[in-house]
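As structure tokens, the structure follows; a few thoughts come after it.
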Amino acid sequence: MEKFNHTVTEFILVGFTQDPAMQLVLFVFFLMVYSVTVVGNITLLVLICTDSQLHTPMYFFIGNLSFLDFWYSTVYTPKIMVTCVSEDKSISFAGCVAQFFFSGGLAYSECYLLAAMAYDRYMAISNPLLYAQAMSPRVCVGLVAASYLGAFTNCAIITHETFIMTFCGDNVIDDFFCDLPPLVKLACDVKDSYHILLYFLLASNVITPTVFILASYIFIISAILKIRSTQGRQKAFSTCSSHLISVTLYYGSILYIYSRPSSSYSLNRDKIVSSFYTVVFPMLNPMIYSLRNKDVKEALKKLFMKMTS
């Protein structure tokens with residue numbers, strides 16, 4: 001922290017709009033989204049922890065995904081709501097560093113976790129007899145721990161390199177949180193080595209997990225095609241459908257934002273895409289993994305019956 005540039009003591013978050021009426025509408029919208037996100041992810045976590053039928057590797061990963069989504073949304077949404085209703089749009093330098101670090105660490109962790117979930121589905125479908133042994137509790141915990149360790153290590157590097165840069169001109173961030181593209185636009189000493197680091201981190205944290213997921217699903221599809229019965233194929237594919245939806249939505253928005261050179265950023269357009277994977281996506285995941293899942297529905301019924309009895 002001592003090496004960080006302190007010529008800028010705070011940043012101003014522009015947010016989505018300066019219209020007071022629209023800001024109030026956005027406050028209500030984000031409050032509703034955040035409330036649903038918190039309730040949905042905590043409920044899913046409680047179900048997975050309390051129902052013995054959900055004590056399987058697949059639900060272990062889904063539970064960790066819910067944990068990530070809860071904290072991921074919490075990094076952004078409360079500050080967004082404050083910005084909508086308060087005249088003070090500032091965020092301290094240290095607050096910006098913290099938000100940047102934790103948001104990046106959680107985002108990278110989710111990328112790795114989705115890749116681990118693809119591997120879990122591959123083992124379940126291609127080697128069902130060896131599944132319990134291959135995806136033992138030790139292996140599952142190791143994969144989750146590696147996801148967090150790799151993600152936050154990489155994020156510590158990019159956080160350090162970003163905030164030792166000199167920020168010239170004004171301190172206004174044309175966004176609703178301390179994100180990489182608007183911060184790069186404020187910097188006046190962006191070196192080629194920094195861009196190389198960005199592409200390296202993009203490759204290691206996003207591209208590599210994407211390739212791993214694609215390879216896993218190639219093997220999964222191959223294994224499904226070997227199943228003779230149509231019902232068996234449908235059942236095997238249904239166990240992957242929720243994960244496929246999550247991967248498509250999450251990686252699609254992430255790649256759109258961060259796989260382009262900084263010269264092509266359109267901050268107004270990118271705000272909408274960023275709000276999807278930072279705020280809306282954490283709300284959708286519990287729905288994706290519960291509405292399409294009979295086991296979760298049954299566990300929810302049991303919990304409801306216990307609460308009402």
Side-chain angles (χ1 to χ4, degrees), residues 1-11 13 68 71-72 75-76 91-116 145-214 247 250-267 269-271 273-274 276-278:
M1 287 290 184
E2 292 78 14
K3 295 183 179 179
F4 286 168
N5 170 34
H6 287 282
T7 57
V8 174
T9 59
E10 66 178 14
F11 295 97
L13 298 173
L68 271 177
W71 287 113
Y72 193 37
V75 169
Y76 302 104
I91 182 171
S92 67
F93 187 90
C96 190
V97 173
Q99 189 183 64
F100 185 93
F101 173 73
F102 285 107
S103 63
L106 293 169
Y108 293 159
S109 297
E110 190 145 338
C111 288
Y112 289 129
L113 185 59
L114 288 171
S147 297
Y148 281 110
L149 180 61
F152 279 95
T153 299
N154 286 332
C155 195
I157 295 171
I158 190 59
T159 301
H160 176 270
E161 293 302 313
T162 298
F163 286 93
I164 61 171
M165 294 190 297
T166 301
F167 297 102
C168 49
D170 57 36
N171 62 339
V172 177
I173 295 178
D174 190 7
D175 210 331
F176 59 92
F177 70 107
C178 291
D179 197 14
L180 184 64
L183 283 170
V184 169
K185 280 189 173 292
L186 292 181
C188 51
D189 63 342
V190 182
K191 300 177 182 178
D192 291 339
S193 59
Y194 182 81
H195 289 292
I196 293 173
L197 175 63
L198 287 181
Y199 286 118
F200 170 77
L201 292 178
L202 178 69
S204 60
N205 294 295
V206 182
I207 303 298
T208 299
T210 301
V211 172
F212 184 85
I213 290 171
L214 290 175
V247 167
Y250 188 71
Y251 276 92
S253 55
I254 288 284
L255 287 171
Y256 174 80
I257 293 291
Y258 297 105
S259 62
R260 297 167 297 142
S262 59
S263 58
S264 67
Y265 291 144
S266 173
L267 293 178
R269 182 179 64 238
D270 291 353
K271 287 179 190 179
V273 180
S274 297
F276 178 81
Y277 74 82
T278 57

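Both backbone and side-chain heavy atoms feed into the values below; hydrogens, waters and symmetry mates do not. Just so you know, residue 1 is the first one in the sequence shown, and it goes up from there.
Closest heavy-atom contact between Ala107 and Tyr72: CB-OH, 3.5 Å. Here the closest heavy-atom approach between residue Val190 and residue Val184 is recorded as CG2-O, 4.0 Å. Nearest heavy atom pair, residue Pro209 against residue Cys111, reads CB-O, 3.8 Å. For the pair Met165 and Ala187, the tightest heavy-atom approach, listed with the atom from each and the gap, is CE-CB, 3.7 Å. Among all heavy-atom pairs drawn from Ala151 and Gly105, the shortest one is CB-O, 3.4 Å.
No side-chain donor-acceptor contact under 3.5 Å links Tyr108 to the backbone of Thr153. For the pair Thr208 (side chain) and Ala203 (backbone), a donor-acceptor distance under 3.5 Å is present. Distance alone, capped at 3.5 Å, is enough to place a donor-acceptor pair between the Ser103 side chain and the Phe100 backbone.
For the pair Asp174/Pro182, no side-chain contact is recorded, criterion being any heavy-atom separation below 4.5 Å from C-beta on. The closest side-chain heavy-atom distance from Cys155 to Phe102 is not below 4.5 Å. In this structure the side chain of Leu13 never reaches within 4.5 angstrom of the side chain of Phe176, judged on heavy atoms. The shortest distance between side-chain heavy atoms of Phe200 and Ile157 does not fall below 4.5 Å. Using a 4.5 Å heavy-atom cutoff, the side chains of Phe11 and Leu183 are in contact.
Residue His160 holds its NE2 atom at 11.0 Å from CD1 of Ile158, rounded to the nearest 0.5 Å. How far CD1 of Ile207 is from OH of Tyr251: 9.5 Å, rounded to the nearest 0.5 Å. In this structure, Gln99 CD and Asp179 CG are separated by 9.0 Å, a value rounded to the nearest 0.5 Å. Here the CG atom belonging to Leu201 is positioned 12.0 Å from the CD1 atom belonging to Ile196, to the nearest 0.5 angstrom. Interatomic distance, CG of Asn171 versus CZ of Phe93, reported as 11.0 Å (0.5 Å rounding). One finds the CD1 atom of Ile91 at 7.0 Å from the CD1 atom of Ile173 (value rounded to the nearest 0.5 Å).
Relative ring orientation between Phe152 and Tyr148 is described as parallel, the plane-to-plane angle staying below 30° on a 0-90° scale split at 30° and 60°.
For Cys96, the disulfide (SG to SG under 2.5 Å) partners two or more places apart in sequence, or in a different chain, are Cys178.
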